[in-house]
Colleague: 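Let me begin by handing over the structure; questions about it come next.
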Amino acid sequence: MPLCTEAFIRWGEKAFQSSFCTVALHWNATQMKMFKGNERAEIKADGLLKRNISTLLKKPNNFIKIIKSNACLLPICSLYGAAVTTVEGVGSTKTRIHPVQERLAKCHGSQCGFCTPGMVMSIYTLLRNHPEPTSEQMIAALAGNLCRCTGYRPILDACKTFCKESICCQRKANGKCCLDQEDDLFDNKEEKVNLFSTDEFQPLDPTQELIFPPELMRMAENQPKRTLLFHGKRVTWISPVSLDELLDLKAAHPEAPLVVGNTSVGPEMKFRGVFHPVLIAPARIPDLNVLKYTDDGLTLGAACSLSLVKDTLTNAIVEFPEEKTRVFHAVLQQLRTLGGEQIRNVASFGGNIISRKSTSDLNPVLAASNCMLNLASRVPLSDTYMSALHLAQGEYVSAFRQAPRRENALPITNAGMRVLFEEGTDIIKDLSIFYGGAVSTTVCAKQTCWTLIGRHWNEKMLDEACRLVLKEIALPGSAGGENIDYKKTLMVSFFYRFFLEVSQSLKTMVNYNSLPFQDPCHYPGIPMEYRSVLQDFKTRMPQSIQMYQAKPSQSPQDPVGRPIMHQSGLKHATGEAVYIDDLPSVDGELFLAAVTSSRAHAKIVSVDTSEALKAAGVFDVITAHDVPAANEFYFSDDPEIIFARNKVICVGQIVCAVVADSDVHAKQAAAKVKIEYEMLEPVILTIEEAIKHNSFFEPKRKLEQGNVDEAFETVDNIIEGEICIGGQKHFYMETQSMLAVPKGEDKEMDMYVSTQHPAIIQEIVAASLGVPANRIMCHVKRVGGAFGGKILKTGLLASVAAVAAHKTGRAVRFILSREDDMVITGGRHPFIAKYKVGFMNDGKIRAVDAKYYINGGCTPDESVLVAEVSLLKMDNAYKIPNLRCWACVCKTNLPSNTAFRGFGFPQSGLVTETWITDVADKTGLLPEKIKEINMYKKNEQTHFKQKLDPQNLIRCWNECMEKSAYYSRRTTINELNKENYWKKRGIAIVPMKFPFGLGTPYLSQAAALVHIYTDGSVLLTHGGIEMGQGIHTKMIQVASRELNIPMSCIHFCETSTTTVPNACASVGSAGTDVNGMAVKDACQTLLKRLQPIIKKNPTGTWNDWIKEAFKQSVSLSATGYFRGYNEYMDWEKGEGQPFTYFLYGAACSEVEINCLTGDHKNLRTDIVMDIGCSINPAVDIGQIEGAFVQGIGLYTMEELKYSSEGVLYTRGPDQYKIPAVCDIPEQFSVSLLSSSQNPYAIYASKGIGEAGLFLGCSVFFALRDAVTGVRNERGLKKTFALNSPLTAEQIRASCADAFTEMPLLWKLWSSHS
């Protein structure tokens, strides 16, 4: 294969040259280990542990370049001559923390902390290059980072403290900030209290940063360049220094890939098992790093990084005239969203051109603008490798893309287009149309372009072009869950956008030039209401306000109610926080890799492990036959299974596991296990299939009040509808992780597990090994995110590791890769809801009859409980006098779905808000009016006969209405929508009633253990798990208040079954409520013992009292206990008191949609929440924001796609997109309801972790509002339904127009031709 050495970008009409080298990654077991998901990675070399890398590169011109890169993609061999700085090198609590680390922690920018080192490195690298960055630079720096906990707002708050310019938006006509106007986010009379003080921050001093190592400087200056050769056990790495040498190497090793950034071949080797014995790294070849301006354009070497190309083009646009840089503009348009900076810093320009194939965002625009590739080879070249067209002046070039997420996501479809006109006319002289993402490579609509030459640039040509494109470019059948009709719609929509751009440019050119042979009337441009679509959505630094009620009369020493920093915040930011895979290696430790089923429903005919056992480093293969005792667990009628024995019931079920001396060896051997299957029928994947085959888990649940059938006979109107709600993956940053360590005697075993429920780990592991629970000690320091996904399934996975450790007698580490985690585990339950609603003409709803079908997966897990909760919470904020609702859990051949933040309410609440909105459509009233008419307004009973006082619900609704300036903004939006045809805005406000409770008293019991040592220090432990929600911080606050000592005197070590037995799971937002009561009880017991001593010496210090207590033999250790809430539910009668209290809230969101692509931008969100008296406002507001953004993901982005055989397509961050920085609202405000009390919980607080997620549906309904506006304007009166997630594809299809109809018409026409 020839090598592309250069590529040439032309000035306007000239061509664009680019050099090329493909990319590969060397995965050597002795050198590199990748783990911890998307942002956190580790390199092992010479015993050193390195995390998320920032690299200083020595350049020949003595310029030191500091870049950030993903450690999981960066081969160690490529680091020759570079200085590597990790998060530990930036700063440490043992020496000096860096200002970046300090501000992230003190601005409350970490919750679970697993993503924090990556955030630190991104910000740190930017500040090394730009000590006073702009907000645009800061936003761009974080585009490649993901966080699942915080919602990004507090991270951005920390970033803003480094930015040089004011972050005021100044969008008002008078130049003032929108937040200071009459429609302020908050009433100006209220006192605003900050969550952090900038006075506490140490200044950023660039002179105190690490210097580039002088020895590397000398090496770069003095040592002649020489070929580098590294030999591993399986792989040879060669880095040549000349083009001739590279060509010789390529001739000698024709199959060897070329490695520059490793962003293409690396994932292939990692995830698809591709192996290359020889890797060639040409990044050090000067000919491939050329950057040269000529009279004709710009020449770039193939090894130039995408970041360098981006910076070069940006500078050129500033320096050169506009007519010379049109192509540059188009290429930059794609580069801005191509990966994150971490990827662009290492990915090569040439590599992207050659290796990315269909998904390259650059190829279509480079091809359309006649890029010239200079190729080199030792063998003759065919014409297919070269193209060089020389064009005349007068052309227009544009690039387009649509992706599942605006930034850092591979495109669904992209395009590059160019048109050249006959001089002084609108007659097409030459036309280029290229598409990516359509087929396996970039494709050109040649016939279309040839046919249109000579046509006038008008609507007749547009119509013909769209039809020709659809006819010429045949897309293959749906693969990977892709919708072909959407791709076709995008293809013609992109061309229409190009048509608008060029038409407007022609008009502008005539107006400016006033040429005598050009008639301005002949170039009318485009209507004013069409012009906004020419501007793409941009990511701006969000503005935010947080409001809570401070207590000025409170004692300064009392920390309760104050925004206290997360106790592990600084350790998160310095990388010192220990997670499961950070635990030091145990002597003789083995690594485990699971072998999972590739069939959804099949009999296991045979399992051949012979080849796996012969593989290097393999110790053993573990199967169901190795389980000493229980392999199946019956928590209901159907079992939960550790190892499949005779048959498999889903893709991803564990059949066996390989243990080896390294993670790499274990995975290589696991791939060699051969399983023979015999397919079983039926294979049930969807809810519809489960209904057809009557496949359900029992029991089915029903709630009913009033006389529903009679009510339907008396109402004015009846509507019926259906909504489908997709599932959602937990996508915790720390994947399922466990370390099993046999103690060597008495069958004891230590289990270090990332779990929400240590007791269930202990129970399942003990049962599987056939030992008493007192032999299994489960330890949890912290969890890198969980959201409900680390309970029962984690227990089964822990048993896999425990059985392996039991059989081998050695410690076994089991860390799931992101792909395996997503394939093996379930997630949030998909719903299909069918409803019938009866209402009066005034909007009063009299009757509802609904049925929920819930995809439970292959085993029960907690699906029936999720169904029950979805029924109990289905009324949301509304009083429905006659109501009947069923919930049925479908048994399917998918991995078992399980608990997820919100636990059924995000689905049933969305269903309720959907039929509320349908009623509004039918009556012609605004949705908010229907909500107000039907909202709970007085003390009354729910549909399960529990008493309810909705006073705070009404307060939250009214305050949200006021703070969001809802009505004035709706008026403004209506006016804006009249003035814009292809972009529309929408707004929606949603109320929320979120019941708190676990339904059964024993599920909310809790215990704590408090020790006081003779030096006065306190050791605290309890049964709660720290997974980002700040429970340990809050418990220390509780103990501090109760003991009246500073928080600095109190330490929390770990949660362990050895200190607190039988602890309930940390679920349902109940952790602080129940454990707080237990901690309070223990502290009060201790204080009671100390009272005689304190009374005798009232002026003494805490240390005096403790020493005296010890001398008097007073016990300084106490347990605390909370019996749980008195909750119950009688499903036979359909009544009870399953909840202890209610949280309330309301959210108003505004969005803008692009009707041509379906893309949208979240403009503003205002949230008001009643959470009682907050124990820690910083933590609680962070929980609200994080849950809300996770809700945005559920309702608008996170789409799961399966094959017809049950194979998950969306199994990693490449395919499954969670919200990023670009997805949070540009204006984001959260206000905690003042003067709210809760007599049922610790210090009148309320459990807040889950409730905020549902409010993310305000974005869903704002999008629906925008789509409704589009459809009304276009006369589309037919009732329409929107499902969740409301993706760009759905939005585009709902904004029906000629372009959405074309693919359907073409399909119909072609089927009859």
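Atom set for the values below is all heavy atoms of this structure, side chains included, hydrogens, waters and symmetry mates excluded.
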Colleague: Between R813 and E589, is the closest basic N to carboxylate O distance under 4.0 Å?
Modeller: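 A salt bridge is present here (some side-chain N lies under 4.0 Å from a carboxylate O).
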Colleague: Show the numbers, then the answer: is there a side chain to side chain donor-acceptor pair (under 3.5 Å) between E819 and S817?
Modeller: CA-CA 5 Å; E819 179 174 357; S817 67; 5.6 Å; no
Colleague: Tell me if the NZ atom of K807 is crowded by more than 12 foreign heavy atoms within 6.0 Å.
Modeller: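 Enclosed: over 12 neighbouring heavy atoms sit under 6.0 Å from NZ of K807.
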Colleague: Classify the side-chain pair T86/E88 by whether it contains a donor and acceptor separated by less than 3.5 Å.
Modeller: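 A donor-acceptor contact under 3.5 Å links the two side chains.
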Colleague: Any luck finding a side-chain donor-acceptor pair between E1198 and Y1216 under 3.5 Å?
Modeller: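 E1198 vs Y1216: donor-acceptor pair found between side chains.
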Colleague: With rounding to the nearest 0.5 Å, note down the distance linking CD1 in I649 to SG in C858.
Modeller: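 It comes to 4.0 Å.
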Colleague: If you measure only the distance, is there a donor-acceptor pair under 3.5 Å linking the side chains of D620 and T808?
Modeller: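 No donor-acceptor contact under 3.5 Å links the two side chains.
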Colleague: Ring centroids only, cut at 6.0 angstrom: are F591 and H665 within range, meaning strictly under it?
Modeller: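 That pair fails the under 6.0 Å test.
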Colleague: So Y579 and F114, would you call those rings parallel, tilted or perpendicular, with 30° and 60° as cut-offs?
Modeller: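 It falls in the perpendicular class, over 60°.
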Colleague: Under the salt bridge (Lys or Arg N to Asp or Glu O under 4.0 Å) rule, what pairs show up with a residue in residues 779-797, not counting sequence neighbours?
Modeller: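 Applying salt bridge (Lys or Arg N to Asp or Glu O under 4.0 Å) to every pair that reaches into residues 779-797, excluding sequence neighbours, yields E734-K790.
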Colleague: Within this structure, what is the CG-CD1 distance for the pair L228 and I238, rounded to the nearest 0.5 Å?
Modeller: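 Reported value, rounded in 0.5 Å steps: 11.0 Å.
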Colleague: Between the side chains of Q762 and N774, is a donor N or O closer than 3.5 angstrom to an acceptor N or O?
Modeller: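 Judged by distance alone, the side chains do not pair up.
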Colleague: Would D638 and T859 satisfy side chain to side chain donor-acceptor pair (under 3.5 Å), going step by step from the backbone distance to the final call?
Modeller: CA-CA 6 Å; D638 295 82; T859 65; over 6 Å; no
Colleague: Does a side chain donor of either S754 or S737 reach within less than 3.5 Å of an acceptor in the other side chain?
Modeller: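 Their side chains do not contain a donor-acceptor pair, so the 3.5 Å distance test is not met.
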Colleague: Sort and list the pairs that fulfil side chain to side chain donor-acceptor pair (under 3.5 Å) and have at least one residue in residues 608-617, not counting sequence neighbours.
Modeller: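 Non-adjacent pairs meeting side chain to side chain donor-acceptor pair (under 3.5 Å): D608-S610.
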Colleague: Which residue in the set T794, D821, T825 passes side-chain hydrogen bond (donor to acceptor under 3.5 Å, both in side chains) when paired with Q736?
Modeller: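 Among T794, D821, T825, the one that satisfies the side-chain hydrogen bond (donor to acceptor under 3.5 Å, both in side chains) with Q736 is T794.
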Colleague: Is V651 close to T596 at the side-chain level, that is, under 4.5 Å between some pair of heavy atoms?
Modeller: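 Side-chain contact under 4.5 Å: no.
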Colleague: Any chance the rings of F787 and Y732 have centres within less than 6.0 Å?
Modeller: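 When the ring centroids of F787 and Y732 are compared, they turn out to be at least 6.0 Å apart.
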Colleague: Can you tell me how far the CD atom of E1199 sits from the CD atom of Q1215, to the nearest 0.5 Å?
Modeller: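 Reported to 0.5 Å precision, the distance equals 13.0 Å.
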Colleague: Between the side chains of H572 and T116, is a donor N or O closer than 3.5 angstrom to an acceptor N or O?
Modeller: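 No - no donor-acceptor pair under 3.5 Å links their side chains.
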Colleague: Taking the six-membered ring for Trp, are H779 and Y752 ring centroids under 6.0 Å apart?
Modeller: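 Yes; Y752 has its ring centre under 6.0 Å from that of H779.
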